[in-house]
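These notes concern the structure reproduced below.
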Protein chains: 2
Amino acid sequence: MSEYRHTCMIRGDGGRVIRAILDRICNKWTLLVVATLDQGSVRFTDLQRQIPGISQRMLTLTLRNLERDGLVSRTVHAEVPPRVEYALTPTGKSLIPPALALAGWATEHVPHIEASREAYEAKG
Amino acid sequence: MSEYRHTCMIRGDGGRVIRAILDRICNKWTLLVVATLDQGSVRFTDLQRQIPGISQRMLTLTLRNLERDGLVSRTVHAEVPPRVEYALTPTGKSLIPPALALAGWATEHVPHIEASREAYEAKG
DNA sequence: CTGTATCCAACGGGATACTG
DNA sequence: CAGTATCCCGTTGGATACAG
């Protein structure tokens with residue numbers, strides 16, 4: 001059965017609702033950072049070590065944006081050397097289930113999609 | 001309770017799984033086009049009319065990518081003037097539930113996020 | 001350890017004009 | 001009607017160097 005009557009949640013307001021979230025989480029690193037923080041409080045260097053390929057710059061930028069949007073909390077401990085711990089806020093945690101839904105879909109369908117891609121390239 | 005034991009679906013393979021889907025659906029128009037096609041078979045011009053702000057170029061590109069990935073079917077009717085109808089494939093339809101999960105999250109949390117943004121800007 | 005600053009290449013995407 | 005072709009600009013993000 002069609003779910004058309006529900007897709008207004010996506011299309012609503014000329015797409016402004018879905019765009020609001022896309023603008024925030026649809027970049028190269030945000031979802032990976034959020035997923036990594038789901039284990040609890042993690043410090044900067046540990047995050048960088050657990051997320052292969054991310055640069056200091058992009059980790060900083062991603063964390064700042066998440067903090068600014070209230071999805072991640074940042075705690076500075078007055079020590080030497082400095083220790084900064086990042087953790088998901090309740091809002092941040094609430095993003096995990098929909099993110100998992102997406103990841104589940106990807107896990108299930110990406111193989112078929114890749115096959116379709118190759119077939120498409122083959123015939124032109 | 002933490003869902004950490006599940007987030008491997010997001011982080012798995014160094015993030016390649018989640019990246020695979022992000023690369024395909026996280027652009028300005030894809031989710032809107034998919035949601036619009038959930039009503040059934042729609043022709044090019046109708047799509048453009050129902051998706052405010054999309055240009056011919058971007059609608060074409062988005063549809064081509066979706067077709068190439070096997071999420072959308074394209075049917076050309078041999079008439080004059082030409083009539084082309086686009087529709088979701090089963091794989092395309094399967095994307096609707098996770099997309100709705102995301103949209104639901106957005107609807108629920110975006111107000112709080114925007115407030116957090118403004119507070120962040122205010123204090124610097 | 002936890003960042004900032006700068007430079008730069010690649011890409012997405014808008015505007016516009018043209019076509020079978 | 002349903003596209004294609006070109007131009008062009010803003011943003012994203014990588015590399016690198018520097019700093020508190």
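Numbered from 1 within each chain, the chains take letters A, B, ... in sequence-line order. Bear in mind that the values here come from a model prediction, so they are computed numbers and not experimental data.
OP1 or OP2 of C/dT2 has not a single side-chain nitrogen or oxygen of A/R49 nearer than 4.0 Å. Between A/Y86 and C/dG3 there is a side-chain polar atom (N or O) within less than 4.0 angstrom of OP1 or OP2. Side-chain nitrogen and oxygen atoms of A/T45 include at least one within less than 4.0 Å of the OP1 or OP2 phosphate oxygen of C/dC1. The side chain of B/R64 places an N or O atom within less than 4.0 Å of a non-bridging phosphate oxygen (OP1 or OP2) of D/dG3.
Residues A/P82 and B/P82 each lie close to DNA chain C; by heavy-atom proximity, the contact nearer the 5' end of the strand is made by A/P82.
Going from atom CD of A/Q56 over to atom P of C/dT4 covers 10 Å, rounded to whole Å. Rounded to whole Å, atom P of C/dG13 lies 10 Å from atom CG of B/N65. A/L59 has its CG atom 17 Å from the P atom of D/dT12, to the nearest Å. When the P atom of D/dA2 is taken as reference, atom CD of B/E67 falls 15 Å away, rounded to whole Å. For A/M58 and D/dA15, the CE to C1' distance is 13 Å, given to the nearest whole Å. One interatomic measurement links the two molecules: CG of A/L61 to P of C/dA5, which rounds to 11 Å at whole-angstrom precision. Following rounding to the nearest Å, B/L32 (CG) and C/dG13 (C1') show an atom-to-atom distance of 15 Å. Remark: C1' of D/dA2 and CZ of B/F44 are 6 Å apart, rounded to the nearest angstrom.
Salt-bridge annotation for B/E118 and A/R68: absent, with no side-chain N of the basic residue lying under 4.0 Å from a carboxylate O of the acidic one.
Under 3.5 Å, the side chain of A/R57 and the base of C/dG3 form no donor-acceptor pair of N or O atoms.
Minimum heavy-atom separation, A/T89 to A/S73: CG2-N, 3.8 Å.
Between the side chain of B/R83 and the main chain of B/E79, no donor-acceptor pair closer than 3.5 Å is present. In this structure, the side chain of B/S55 engages the main chain of B/M58 through a donor-acceptor pair within 3.5 Å. B/T62 places no side-chain N or O within 3.5 Å of a backbone atom of B/T30 that could act as its donor or acceptor partner.
Considering only side-chain atoms of B/R83, the nucleotide from D/dA2, C/dT4, D/dG3 that sits closest is D/dA2. You'll find that the side chain of A/R43 is closest to C/dC1, out of D/dG13, D/dC1, C/dC1. Of the candidates D/dG3, C/dG14, D/dA2, the closest approach to any side-chain atom of B/S55 belongs to C/dG14.
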